Novice: 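To start, I am sharing the structure in question, which I have written as structure tokens.
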2 protein chains.
Amino acid sequence: MKLHVSPDTFPPRGHEAKRLSIVDSAATVFCREGFAGANIDLIAAEAGVSRQTIYNHHGDKEKLFVAVVRDLTERCNAGIFATIATFPDLPGDLEADLIGFAMRLNQNCICNRDGKFLRKLIQTEGERYPELFAEWREQGPGRTWPAIAARFARLAYGGYLAIDDPDVAARQFLGLVNAELQTTFMLGGSPREDEVLQSATNGVRTFLRAFGKRRSATSVEKQSALASA
Amino acid sequence: MKLHVSPDTFPPRGHEAKRLSIVDSAATVFCREGFAGANIDLIAAEAGVSRQTIYNHHGDKEKLFVAVVRDLTERCNAGIFATIATFPDLPGDLEADLIGFAMRLNQNCICNRDGKFLRKLIQTEGERYPELFAEWREQGPGRTWPAIAARFARLAYGGYLAIDDPDVAARQFLGLVNAELQTTFMLGGSPREDEVLQSATNGVRTFLRAFGKRRSATSVEKQSALASA
DNA sequence: ACAAATTTAGACACTCTTGTCTAATTCGTC
DNA sequence: GACGAATTAGACAAGAGTGTCTAAATTTGT
């Protein structure tokens with residue numbers, strides 16, 4: 001009698017797989033509808049799970065929401081630190097290397113599913129859960145920005161850049177590299193890869209016009225415009 | 001018949017005054033609670049109006065929301081264009097003048113009540129009303145960004161700046177000037193004035209390191225690093 | 001002061017959602 | 001194959017919110 005109608009998904013694998021599936025679907029729905037607009041039945045349907053299972057796992061709509069944010073924060077942070085590890089400490093072509101770094105950061109941490117969702121949840125529900133998002137602020141920007149700043153400081157110390165304040169430079173790097181994506185980010189969309197590349201390229205070029213030394217032998221051509229002053 | 005030149009002086013009671021009060025309170029509540037979480041009774045209470053009056057004026061929760069966004073877009077745009085009119089076309093001290101412009105833009109258009117609310121509504125409900133926010137995109141960034149770019153182009157033509165692409169430069173100017181306010185913006189907060197000034201100052205300095213000519217006599221020191229060629 | 005228009009408070013029907021409960025079914029594991 | 005744990009569908013109570021309606025009170029124009 002019981003006809004298990006699960007058209008797209010695999011049959012229930014295990015206990016943890018179900019938990020993951022729930023948090024995943026919850027993230028999707030919370031982002032699309034907002035906390036108040038999100039519907040537990042919809043989350044359950046999207047996760048291919050009965051409503052009761054959600055309550056068994058998380059107890060409460062609010063607890064589920066907190067679990068979603070914690071999960072996203074953790075995964076995003078891991079991604080960012082993994083990407084920071086690829087920062088070019090000994091650049092061959094500084095411009096190309098920084099563009100590559102910016103692209104990895106955007107594609108793997110900011111424009112991907114987790115990054116988009118976390119950003120949206122912070123924007124929409126940040127004021128309602130001050131302690132939760134204060135935690136994000138400490139764990140996220142509070143740790144990643146200094147880490148990026150340290151890498152820029154190392155480049156400056158190595159003679160590749162002329163930087164006064166590495167913290168300011170790091171924030172400005174991020175601002176420049178994302179300068180052309182702001183509107184898309186606001187509306188919750190995902191920029192196409194060529195848009196990301198365009199923004200990163202323009203951003204890095206301006207960054208290097210401000211902070212670059214013509215030292216780094218390989219990219220002499222790019223610096224020539226600067227030198228033509 | 002209703003052609004009265006009446007001196008609609010006080011806020012207390014009037015037909016239009018009530019309409020304004022409703023839209024105002026609705027903006028506050030929609031921003032705080034999101035569309036789904038917003039409660040008509042709460043809006044009515046906050047506006048000092050009965051629930052029925054809201055339905056008389058706007059007919060519908062959704063129509064009320066649209067009225068709020070249209071209202072905010074219009075007022076914000078007016079503010080931005082008014083501020084663009086103060087752009088320094090013939091700068092005395094370029095750095096100081098650009099910092100002043102950035103401060104006016106931030107304080108009067110981005111960090112003020114209307115700007116904060118509009119930004120939040122776009123972020124939270126943008127995906128649910130594609131046509132409404134497409135309209136905003138055209139009327140807002142679609143018109144203000146080129147206007148700012150034109151001003152930068154004029155500065156470049158006047159020999160004050162070395163800019164390749166004025167549109168890119170304009171977006172990067174905004175990105176730099178707000179680089180240190182991103183986290184605060186995300187969480188829906190209002191940065192303190194000294195934070196805004198700090199970000200604007202740092203942003204403009206970097207902008208001028210990238211695009212400035214050492215022409216502008218007053219800020220020679222900052223350009224010296226660049227000039228060390 | 002009078003009449004028309006507007007606003008108000010409250011009741012109301014209706015829908016939707018949360019979270020609980022139960023009994024049947026399925027899964028994991030031995 | 002069998003047993004305990006997890007999952008399921010469905011019904012359910014309780015609460016909240018929207019939008020309508022009405023009769024009374026208030027404001028507004030003349």
Side-chain angles (χ1 to χ4, degrees), chain A residues 1-26 28-68 125 128-129, chain B residues 1-26 28-68 125 128-129:
Chain A
M1 188 62 185
K2 167 67 196 320
L3 186 61
H4 201 254
V5 188
S6 57
D8 43 1
T9 51
F10 38 79
R13 281 261 180 74
H15 187 75
E16 273 312 301
K18 222 152 265 233
R19 181 182 212 93
L20 258 275
S21 169
I22 291 170
V23 174
D24 248 36
S25 307
T28 308
V29 176
F30 277 136
C31 283
R32 198 174 57 224
E33 317 281 350
F35 179 82
N39 178 316
I40 300 276
D41 289 322
L42 195 56
I43 296 175
E46 196 136 333
V49 155
S50 85
R51 179 173 64 245
Q52 186 58 47
T53 301
I54 294 185
Y55 285 106
N56 288 344
H57 275 276
H58 295 97
D60 196 327
K61 188 180 180 183
E62 195 161 312
K63 292 203 193 73
L64 173 60
F65 178 77
V66 171
V68 167
E125 310 294 340
R128 197 189 316 287
Y129 298 86
Chain B
M1 312 329 167
K2 296 292 179 63
L3 189 64
H4 48 73
V5 199
S6 77
D8 54 315
T9 41
F10 354 133
R13 294 282 188 262
H15 188 74
E16 273 312 299
K18 226 153 262 237
R19 182 181 210 94
L20 258 275
S21 169
I22 291 170
V23 174
D24 247 37
S25 306
T28 308
V29 176
F30 278 137
C31 283
R32 199 176 53 226
E33 318 281 350
F35 179 82
N39 177 318
I40 300 275
D41 289 322
L42 195 57
I43 295 174
E46 196 136 333
V49 157
S50 84
R51 179 174 61 245
Q52 186 58 46
T53 302
I54 293 184
Y55 285 106
N56 287 344
H57 275 276
H58 295 97
D60 197 329
K61 188 180 180 182
E62 193 161 315
K63 291 202 193 75
L64 174 59
F65 178 77
V66 171
V68 166
E125 311 293 340
R128 196 188 318 286
Y129 298 85

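Throughout, a chain's letter reflects where its sequence line sits, starting with A, and its residues are numbered from 1. As the structure is a prediction and not an experimental result, all values here were calculated from the model.
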Novice: Assign the ring pair A:Phe35 / A:Tyr129 to parallel, tilted or perpendicular, where the plane angle (0 to 90°) is split at 30° and 60°.
Specialist: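 Plane angle over 60°, so perpendicular.
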Novice: Base, sugar-phosphate or nothing for A:Ala38? Non-hydrogen atoms, less than 4.0 Å.
Specialist: sugar-phosphate
Novice: State whether B:Lys18 places a side-chain N or O below 4.0 Å from either non-bridging phosphate oxygen (OP1 or OP2) of C:dT8.
Specialist: yes
Novice: Just the rounded figure in Å: distance from P of C:dT7 to CG of B:Asn56.
Specialist: 6 Å
Novice: Roughly how many Å is it from CZ in A:Phe30 to P in C:dT18, rounded to a whole number?
Specialist: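 Nearest whole value for this atom pair: 9 Å.
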Novice: Starting at atom CD of A:Gln52, determine the distance to atom P of C:dA24, rounded to an integer number of angstrom.
Specialist: 16 Å
Novice: Rounded to the nearest Å, what distance is computed from the CD atom of residue A:Glu62 to the C1' atom of nucleotide C:dT17?
Specialist: 16 Å
Novice: Could you give the CG-to-P distance, from A:Asp41 to C:dT20, as a whole number of Å?
Specialist: 14 Å
Novice: Quick one: B:Ile54 CD1 to D:dG17 P, roughly how many Å, whole number?
Specialist: 14 Å
Novice: Tell me the closest heavy-atom pair linking B:His58 and B:Lys63, and the distance in Å.
Specialist: O-CB, 3.3 Å
Novice: Any idea which heavy atoms bring B:Ser21 and B:Ala47 closest together, and the distance?
Specialist: OG-O, 3.1 Å
Novice: Would you indicate what A:Ala36 reaches in the nucleic acid, counting non-hydrogen atoms under 4.0 angstrom: base, sugar-phosphate, or nothing?
Specialist: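 Contact class for A:Ala36: none.
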Novice: Looking only at side-chain atoms of B:Ser50, point me to the closest of C:dT17, D:dT8, C:dT8.
Specialist: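 Comparing C:dT17, D:dT8, C:dT8 against the side chain of B:Ser50, the answer is C:dT8.
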Novice: C:dT8, OP1 or OP2 - any side-chain N/O from B:Thr53 closer than 4.0 Å?
Specialist: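 Result: yes.
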Novice: Grab the CG-P distance between A:Asp60 and C:dG19 for me, whole Å please.
Specialist: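 So the CG-P distance, A:Asp60 to C:dG19, works out to 5 Å.
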Novice: A:Tyr55 has an atom OH; how far is it from atom P of C:dT22, in whole Å?
Specialist: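 These atoms are roughly 17 Å apart.
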Novice: Phosphate oxygens OP1/OP2 of D:dA6: is one of them under 4.0 Å from a side-chain N or O of A:His57?
Specialist: no
Novice: Which part of the nucleic acid, if any, lies within contact of A:His58, taking any heavy atom under 4.0 Å across all strands shown: a base, the sugar-phosphate backbone alone, or nothing?
Specialist: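 No contact at all - A:His58 keeps every heavy atom at 4.0 Å or more from the nucleic acid.
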Novice: Applying side chain to side chain donor-acceptor pair (under 3.5 Å), can you list everything that pairs with A:Ser25, at least two apart in sequence or on another chain?
Specialist: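 With sequence neighbours excluded, A:Ser25 shows a side chain to side chain donor-acceptor pair (under 3.5 Å) to no residue whatsoever.
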Novice: Indicate the atoms forming the closest heavy-atom contact of A:Lys61 with A:Ala38, along with that distance.
Specialist: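 Result for this residue pair: NZ-O, 3.0 Å.
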Novice: Working to the nearest 0.5 angstrom, can you tell me the gap between B:Arg19 CZ and B:Asn56 CG?
Specialist: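 Output value for this atom pair is 11.0 Å.
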Novice: Identify, between B:Val49 and A:Asn39, the residue whose nearest nucleotide on DNA chain C lies closer to the 5' end.
Specialist: B:Val49
Novice: Measure across A:Leu64 and A:Ile22 and return the closest heavy-atom pair with its distance rounded to 0.1 Å.
Specialist: CD1-CG2, 4.0 Å
Novice: How sharply is the helix from C:dA1-D:dT30 to C:dC30-D:dG1 bent, taking the axes over five pairs at either end and rounding to 10 degrees?
Specialist: 40°
